Every structure is written in C-alpha cells, then in structure tokens.
Amino acid sequence: MPTTLIAFLGACTLIAASPGPSTVLIIKQSLHSRRSGFLTVLGNETGVFVWGVVAALGLTALLTASEIAYDVMRIGGAVVLVAFGVQALRQARRAKGADDDSGWESTGRTGWAAYRAGLLLNLANPKAAVFALSFLPQFVPEGAPHLPTMVGLAALWAVYEIGYYGLYVWFVGRLRAVLSRAGVRRRLEQISGGVLLLLGVRMALES
C-alpha cells in the first residue's frame, strides 16, 4: 500500500503540473487576491472529488457510452470556458487606465463566486470525468474494496492538489508588488482570457 500511495501521489503531481483550464483560472483569480485564488482552488478540487465519487459508483461509464451525452457536456464546457475568457478580457478592458490597487480589487470576485467558478469549470469538463474513470482504478490494490478505496483515493487526490495549487496562489501573492502594476495586470488578464477562449473553441471543435 505505501508503494501504491507513493506512485499515486507522483501521478497526481504530474497531472497537476500539466497546464489546463483550471490552472489558468486559478492563476487568473490569484491576481485579484490570495483569498480569491484559494477559494477557486477549493472549488476546483470539489469538482475533482465529485468526479472521483462518480467514477467510483460507475456512473462515468454512462457518459462515455453515450456519444450524445458526452457531446452535450462538451459543448456546455466549451461555453463555460468561452464565458470565462470573455469575462477576463472585459476585466482587462475595465482595468485600462487604472493606476491604483483599489481599482483592480474592485474587479475581484466574491468568495462564493470564486469557489463557484472553480467548481463549474471542473464539472463542465467531460474530460475530467473520463480521466477520473481511467485514472483511479489503476491504484486500487488487488483485493481492496473497490468503492471505499476509490472514494478515498479521490479525496486524497483533491487534498493533494489543494496543497499543490495553493503554492501557485502563494507565489502569485508574493509577486503582487509587480503584478499590481496596471499595465502588467491588464496584460495578464488579456493573456488568461485569450487562453481560456482558445481552450473553449478547441473543446467545441473536438469530436
């Protein structure tokens, strides 16, 4: 079991280190405040745990078996990504000409909105559901009860990523003196918005 857990945490590290929509959103939200960034992380990891439980119950197989259901979820996920991208670009436009931190903070999210954004982005991604279904069973030891072990691994995965992405939030906070400059923060919003838009378009066009 210890060997399995080490391998599992190593795999979790590789997964978290792979750039994706969640990483972009977490960094974007951390530009506003550490609180906003951390609550986005909590929302995202709630989604990770939910998909893990769904996979443990075998319900994800229904999604993969139905092309229509998968496509509906894929298009919904693309809409969510595009909406977040447009929102980031609008925030960058509103921040134009702002030279003080208060103007920047006014574009930040409330705690619930930040949490909801992280949760929605994860739950709207059908790839996250399919990945959980293929990833977690690989680390269930032979002879171990399937359901509780899968749920436990899902919880460990989520908690581990909270710590991992929490480092991103901390690092962005440490660079706040630089990132709080109007030109820099506006450019970062534009970049994150553009990336989210591209990811949304790519998801919509995937078959």
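Owing to the predicted nature of the structure, the values given are computational and were not obtained by experimental measurement.
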message: Within a 6.0 Å radius of atom CD1 on I68, are there more than 12 heavy atoms belonging to other residues, nucleotides or ligands?
response: no
If Ile, Leu, Val, Met, Phe, Trp and Tyr residues are connected whenever their side-chain heavy atoms lie under 4.5 Å apart, and connections chain through other members, are [X] and [Y] in the same group?
| X | Y | result |
| --- | --- | --- |
| W157 | V159 | no |
| L199 | L197 | no |
| F38 | Y168 | yes |
| L89 | V86 | yes |
| V54 | L57 | yes |

Between [X] and [Y], what is the shortest heavy-atom contact and its length?
| X | Y | answer |
| --- | --- | --- |
| G193 | A88 | CA-CB, 3.5 Å |
| A16 | T23 | O-OG1, 4.3 Å |
| P21 | L81 | CB-CD2, 3.6 Å |

- prompt: Any chance the side chains of T46 and Y115 put a donor and an acceptor closer than 3.5 Å?
  reply: yes
Is there side-chain contact between [X] and [Y], with heavy atoms separated by less than 4.5 Å?
| X | Y | answer |
| --- | --- | --- |
| E45 | Y165 | yes |
| V24 | F84 | no |
| V48 | N122 | yes |
| W112 | L39 | no |
| F171 | L175 | yes |

Could you list the donor-acceptor pairs under 3.5 angstrom formed by side chains in residues 132-147, with sequence neighbours left out?
| unit_1 | atom_1 | unit_2 | atom_2 | d |
| --- | --- | --- | --- | --- |
| S134 | OG | V130 | O | 3.4 |
| S134 | OG | F131 | O | 3.0 |
| Q138 | NE2 | S134 | O | 2.8 |

message: Going by the rule side chain to side chain contact (heavy atoms under 4.5 Å, CB included), which residues pair with L9 if we only count those two or more places apart in sequence or in a different chain?
response: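 Residues passing side chain to side chain contact (heavy atoms under 4.5 Å, CB included) with L9: L156, Y160.
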Hey, what do you get for [atom1] ([X]) to [atom2] ([Y]), rounding to the nearest 0.5 Å?
| X | Y | atom1 | atom2 | result |
| --- | --- | --- | --- | --- |
| T40 | R35 | OG1 | CZ | 10.5 Å |
| E161 | T13 | CD | OG1 | 9.0 Å |
| L153 | F8 | CG | CZ | 4.5 Å |
| L25 | S30 | CG | OG | 9.0 Å |
| S36 | K28 | OG | NZ | 7.5 Å |
| I27 | S22 | CD1 | OG | 11.0 Å |

- request: List the steps and the verdict of side chain to side chain contact (heavy atoms under 4.5 Å, CB included) for L121 and V80.
  value: CA-CA 7 Å; L121 187 66; V80 170; 4.2 Å; yes
- request: With L123 as reference, evaluate L120, N125, L119 under the side-chain contact (heavy atoms from CB on, under 4.5 Å) test and give the passing residue.
  value: L119
field: Whether R74 side chain and M203 backbone form a donor-acceptor pair below 3.5 Å
entry: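 Here the side-chain-to-backbone pair exists.
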